[in-house]
Amino acid sequence: MTLGLIGALLGAYAYRGAVVREGVVAMARPLSFGSVVQLSDLREIQLPLDSGLTWVTWDDVGTVLGQLAATDLRAGQTLTPDSVSPNRVPAPGEAVVGLSVEAGRVPSAALAPRDEVLIITGAGSPPKRATVVRAGDVDVSGRRDVDVLVPQADAEELALASVDNRVAIVLLGRG
């Protein structure tokens with residue numbers, strides 16, 4: 001009888017864990033890096049408790065409203081606390097530089113927001129570290145536009161190198 005009672009309790013616990021759900025914040029539509037998160041961008045989905053995943057609960061949806069997307073967010077993706085940030089890009093002392101790079105001078109692998117890259121200008125100056133803000137697709141001429149975040153002191157040199165077609169981008173390890 002004791003074993004039967006223990007078995008029944010274990011079965012009830014397992015059933016509860018399988019059916020008890022929690023409302024979490026998910027994306028209702030895609031949102032680009034740096035965009036302001038609004039309630040219309042979000043939806044509630046139900047996920048099982050104790051999944052071991054980290055997310056923002058629907059009860060805490062107010063904590064992400066008005067924040068900025070810290071990366072490109074996809075429809076259906078659940079939000080984690082680090083999916084959003086209160087910080088605007090660029091911050092004081094930083095600049096976003098748009099680079100137009102020809103094929104063979106940029107990785108063929110897709111670049112994603114927050115990827116770390118080296119920018120080589122070939123002008124005898126050392127490579128510049130940068131963070132990808134946005135990367136476009138290859139256009140009909142074979143060029144790719146990449147917006148990068150750099151210290152403001154490097155912005156002019158990189159912009160001029162891009163105009164002169166002297167830019168190559170190296171993707172660094174993605175940790």
Visitor: Do Leu171 and Val132 belong together in a cluster built from hydrophobic side chains that touch within less than 4.5 Å?
Guide: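 In one cluster with Leu171: Val132, yes.
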
Visitor: What is the distance from atom OG of Ser125 to atom CG of Asp154, rounded to the nearest 0.5 Å?
Guide: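 So the OG of Ser125 and the CG of Asp154 are separated by 8.5 Å.
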
Visitor: Grab the two heavy atoms, one from Ser141 and one from Asp139, that are nearest each other, plus how far apart they are.
Guide: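 The pair with the smallest heavy-atom distance is OG-OD1, 2.7 Å.
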
Visitor: Side chains of Pro86 and Gln67: closer than 4.5 Å at any heavy-atom pair?
Guide: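 A side-chain contact under 4.5 Å exists here.
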
Visitor: Tell me whether Val163 is reachable from Ile119 by hopping between hydrophobic residues (I, L, V, M, F, W, Y) whose side-chain heavy atoms are closer than 4.5 Å.
Guide: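 Each belongs to a different hydrophobic cluster.
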
Visitor: Indicate the atoms forming the closest heavy-atom contact of Ala69 with Ser32, along with that distance.
Guide: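 Scanning both residues, the minimum pair turns out to be CB-O, 3.5 Å.
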
Visitor: Which atom pair, heavy atoms only, marks the closest approach of Ala155 to Ala95?
Guide: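 The answer is CB-CB, 3.7 Å.
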
Visitor: First locate atom CG of Leu99, then atom CZ of Arg143, and finally report the distance between them rounded to the nearest 0.5 Å.
Guide: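 Here the rounded value is 10.0 Å.
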
Visitor: Working to the nearest 0.5 Å, report the span between CG of Leu47 and OG1 of Thr78.
Guide: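 Going from the CG atom of Leu47 to the OG1 atom of Thr78 covers 6.5 Å.
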
Visitor: Taking atom OG of Ser83 and atom CD of Gln77, what is their separation to the nearest 0.5 Å?
Guide: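 Rounded to the nearest 0.5 Å, the OG-CD separation comes out at 5.5 Å.
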
Visitor: How close do Val37 and Val64 get, heavy atom to heavy atom, and via which atoms?
Guide: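 Where Val37 meets Val64 most closely, the heavy atoms are CB-O, 3.5 Å.
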
Visitor: May I ask you to decide if Asp147's main-chain N or O and Arg134's side chain share a donor-acceptor pair within less than 3.5 Å?
Guide: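 A pair under 3.5 Å: no.
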
Visitor: Could you work out, with side-chain hydrogen bond (donor to acceptor under 3.5 Å, both in side chains) as the rule, every residue matching Asp72, not counting sequence neighbours?
Guide: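 With neighbours one apart ignored, the set is empty.
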
Visitor: Mind checking whether Leu118 and Arg129 have side chains closer than 4.5 Å, heavy atoms only?
Guide: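 A side-chain contact under 4.5 Å exists here.
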
Visitor: Would you say CG of Asp82 has more than 12 non-hydrogen atoms from neighbouring residues, nucleotides or ligands within 6.0 angstrom?
Guide: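 Check passes, neighbour count above 12.
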
Visitor: Is it true that Val97 and Val106 fall in one hydrophobic cluster, defined by side-chain heavy atoms closer than 4.5 Å?
Guide: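 Hydrophobic grouping puts Val97 with Val106.
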
Visitor: Contact between Lys128 and Thr121 at the side-chain level, heavy atoms closer than 4.5 Å - yes or no?
Guide: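 Result no, sub-4.5 Å side-chain heavy-atom pair not found.
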
Visitor: Nearest 0.5 Å, what's the CZ-OG distance between Arg29 and Ser40?
Guide: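 Between Arg29 CZ and Ser40 OG, I get 5.5 Å after rounding to 0.5 Å.
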
Visitor: Okay, side chain of Arg144, backbone of Val101: is any donor-acceptor separation there less than 3.5 Å?
Guide: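 Judged by distance alone, no pair lies under 3.5 Å.
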
Visitor: Under 3.5 Å, is there a donor-acceptor pair between the side chain of Arg105 and the main chain of Ile120?
Guide: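 Absent.
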
Visitor: Kindly list each side-chain donor-acceptor pair under 3.5 angstrom involving residues 54-62, sequence neighbours excluded, with atom names and distances?
Guide:
| residue | atom | partner | partner atom | Å |
| --- | --- | --- | --- | --- |
| Trp55 | NE1 | Glu22 | OE1 | 3.4 |
| Thr57 | OG1 | Asp60 | OD2 | 3.1 |

Visitor: Does any part of the side chain of Gln152, heavy atoms only, come nearer than 4.5 Å to the side chain of Glu94, both counted from C-beta?
Guide: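 Glu94 vs Gln152: side chains apart.
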
Visitor: Taking atom types as modelled, is there a side-chain donor on Thr71 or Arg114 under 3.5 Å from an acceptor on the other?
Guide: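 There is no such pair between these side chains.
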
Visitor: Of all heavy-atom pairs between Gly76 and Ala26, which one has the smallest distance, and what is that distance?
Guide: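 Reported closest heavy-atom pair: O-CB, 4.2 Å.
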
Visitor: Are any non-hydrogen side-chain atoms of Val167 and Leu158 less than 4.5 angstrom apart?
Guide: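 Contact flag for Val167/Leu158 side chains = no.
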
Visitor: Applying side chain to side chain contact (heavy atoms under 4.5 Å, CB included), run through Leu68 and Val36 and close with a yes or a no.
Guide: CA-CA 5 Å; Leu68 304 171; Val36 176; 3.6 Å; yes

Visitor: Group every Ile, Leu, Val, Met, Phe, Trp and Tyr by side-chain heavy-atom contacts under 4.5 Å, then state whether Leu31 and Leu39 land in the same group.
Guide: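 Yes, because Leu31 and Leu39 connect within a single hydrophobic cluster, where side-chain heavy atoms sit under 4.5 Å apart.
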
Visitor: Could you check whether atom CD of Gln46 has more than 12 heavy atoms from other residues, nucleotides or ligands sitting under 6.0 Å from it?
Guide: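 Counting other residues, nucleotides and ligands, CD of Gln46 exceeds 12 neighbours.
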
Visitor: How long is the span from the CG atom in Leu149 to the CD atom in Glu116, to the nearest 0.5 Å?
Guide: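 That separation rounds to 9.0 Å.
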
Visitor: Grab the two heavy atoms, one from Val148 and one from Ala130, that are nearest each other, plus how far apart they are.
Guide: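 Heavy-atom minimum between the residues: CB-CB, 3.8 Å.
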
Visitor: Heavy-atom distance under 4.5 Å between the side chains of Met27 and Leu42, does that happen here?
Guide: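 Result yes, sub-4.5 Å side-chain heavy-atom pair found.
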
